[in-house]
Participant: 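A single structure is presented below for examination.
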Amino acid sequence: AEDLLQQALLRMYVRWNHIECATVDAYARTVITRLAIDEARKPYRRSEISGELPEMPVADTNVADILAVRDALQRVPPRQRATVVLRYYQGLSVAETAAALGVSEGTVKSQTARGLTALRAELGGGDAFEMASPESIEARK
């Protein structure tokens with residue numbers, strides 16, 4: 001779906017001067033539909049190369065722990081979840097997180113602290129799921 005959308009946007013960009021503002025939605029739907037039909041009819045013309053995925057480094061955390069953290073994150077309030085994910089999963093700084101969310105740095109700090117507290121409570125407060133800052137992770141390497 002993402003590939004079809006990207007191809008559709010590229011085709012629309014090329015023809016942008018010829019598209020009327022009132023019909024942009026209809027034009028986009030038509031382009032996406034035609035691209036989907038073309039892909040279904042001609043599988044040999046697909047631009048993606050099938051094969052094995054590259055080996056991904058896996059942390060020493062098992063799958064059950066990862067799933068537990070992901071499920072617990074779903075129960076953390078959305079704003080707190082966003083700050084925790086941006087800070088610890090994406091590795092953004094406080095300033096970058098604030099810019100991404102459109103809030104102040106102080107809000108990011110408080111929401112992150114509250115989010116980590118809520119996440120620890122959801123996980124049972126055990127030390128096995130202790131969150132570390134990106135800086136402390138780099139220091140351990």
Side-chain angles (χ1 to χ4, degrees), residues 1-17 19-141:
E2 290 176 359
D3 291 340
L4 285 177
L5 178 61
Q6 185 175 3
Q7 290 176 1
L9 291 174
L10 180 61
R11 289 189 182 186
M12 288 178 64
Y13 175 76
V14 172
R15 304 269 310 154
W16 192 252
N17 292 334
I19 301 172
E20 295 179 22
C21 291
T23 62
V24 170
D25 292 341
Y27 191 90
R29 280 191 298 272
T30 303
V31 170
I32 290 173
T33 303
R34 289 180 181 167
L35 284 170
I37 291 169
D38 287 348
E39 286 291 317
R41 285 184 183 160
K42 303 171 187 172
Y44 63 90
R45 290 185 58 192
R46 290 189 183 140
S47 60
E48 291 186 26
I49 299 171
S50 61
E52 292 186 31
L53 294 174
E55 194 67 33
M56 297 294 292
V58 178
D60 57 348
T61 307
N62 65 32
V63 174
D65 291 344
I66 293 169
L67 293 175
V69 171
R70 189 177 69 183
D71 291 341
L73 269 171
Q74 292 300 317
R75 295 185 297 271
V76 173
R79 196 170 190 191
Q80 295 171 7
R81 180 174 54 238
T83 59
V84 169
V85 168
L86 289 174
R87 289 280 292 128
Y88 297 101
Y89 181 72
Q90 296 291 325
L92 299 182
S93 68
V94 173
E96 292 169 331
T97 303
L101 296 175
V103 297
S104 70
E105 291 183 20
T107 301
V108 169
K109 292 175 186 178
S110 66
Q111 291 297 306
T112 302
R114 290 178 186 147
L116 289 175
T117 301
L119 184 59
R120 286 185 183 115
E122 290 292 335
L123 292 169
D127 291 336
F129 295 104
E130 185 173 326
M131 302 293 286
S133 68
E135 295 82 16
S136 66
I137 292 171
E138 287 298 320
R140 291 182 198 165
K141 290 183 179 178

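Since this is a predicted model, take the numbers as computed values, not measurements.
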Participant: Please find the pair of heavy atoms, one from Thr33 and one from Arg29, that lie closest to each other, and give the distance.
Facilitator: OG1-O, 2.7 Å
Participant: Under the salt bridge (charged side-chain N to carboxylate O under 4.0 Å, His left out) definition, can you give me all pairs with a residue in residues 89-117, not counting sequence neighbours?
Facilitator: none
Participant: Using side chain to side chain donor-acceptor pair (under 3.5 Å) as the criterion, list what pairs up with Thr107, not counting sequence neighbours.
Facilitator: Ser104
Participant: Any idea which heavy atoms bring Ala8 and Leu35 closest together, and the distance?
Facilitator: N-CD1, 3.5 Å
Participant: About how many Å separate OG1 of Thr97 and CG of Leu92, when rounded to the nearest 0.5 Å?
Facilitator: 4.5 Å
Participant: Enter the distance from Met12:CE to Ile32:CD1 here, rounded to the nearest 0.5 Å.
Facilitator: 8.0 Å
Participant: Under the side-chain contact (heavy atoms from CB on, under 4.5 Å) test, which residues partner Leu9, sequence neighbours left out?
Facilitator: Leu5
Participant: Who passes side-chain contact (heavy atoms from CB on, under 4.5 Å) against Arg34, sequence neighbours left out?
Facilitator: Thr30
Participant: Run the side-chain contact (heavy atoms from CB on, under 4.5 Å) test against Arg70 and tell me which residues pass, sequence neighbours left out.
Facilitator: Leu67
Participant: Between side-chain atoms of residues 71-81 and protein atoms elsewhere (two or more places apart, or another chain), which donor-acceptor pairs fall under 3.5 Å?
Facilitator:
| from | atom 1 | to | atom 2 | distance (Å) |
| --- | --- | --- | --- | --- |
| Arg75 | NE | Glu122 | OE1 | 2.6 |
| Arg75 | NH1 | Asp71 | O | 3.3 |
| Arg81 | NH1 | Leu73 | O | 3.2 |
| Arg81 | NH1 | Gln74 | O | 3.2 |
| Arg81 | NH1 | Val76 | O | 2.9 |

Participant: Specify the closest pair of heavy atoms between Leu119 and Val84, including all atoms of both residues, with the distance to one decimal.
Facilitator: CD2-CG1, 4.5 Å
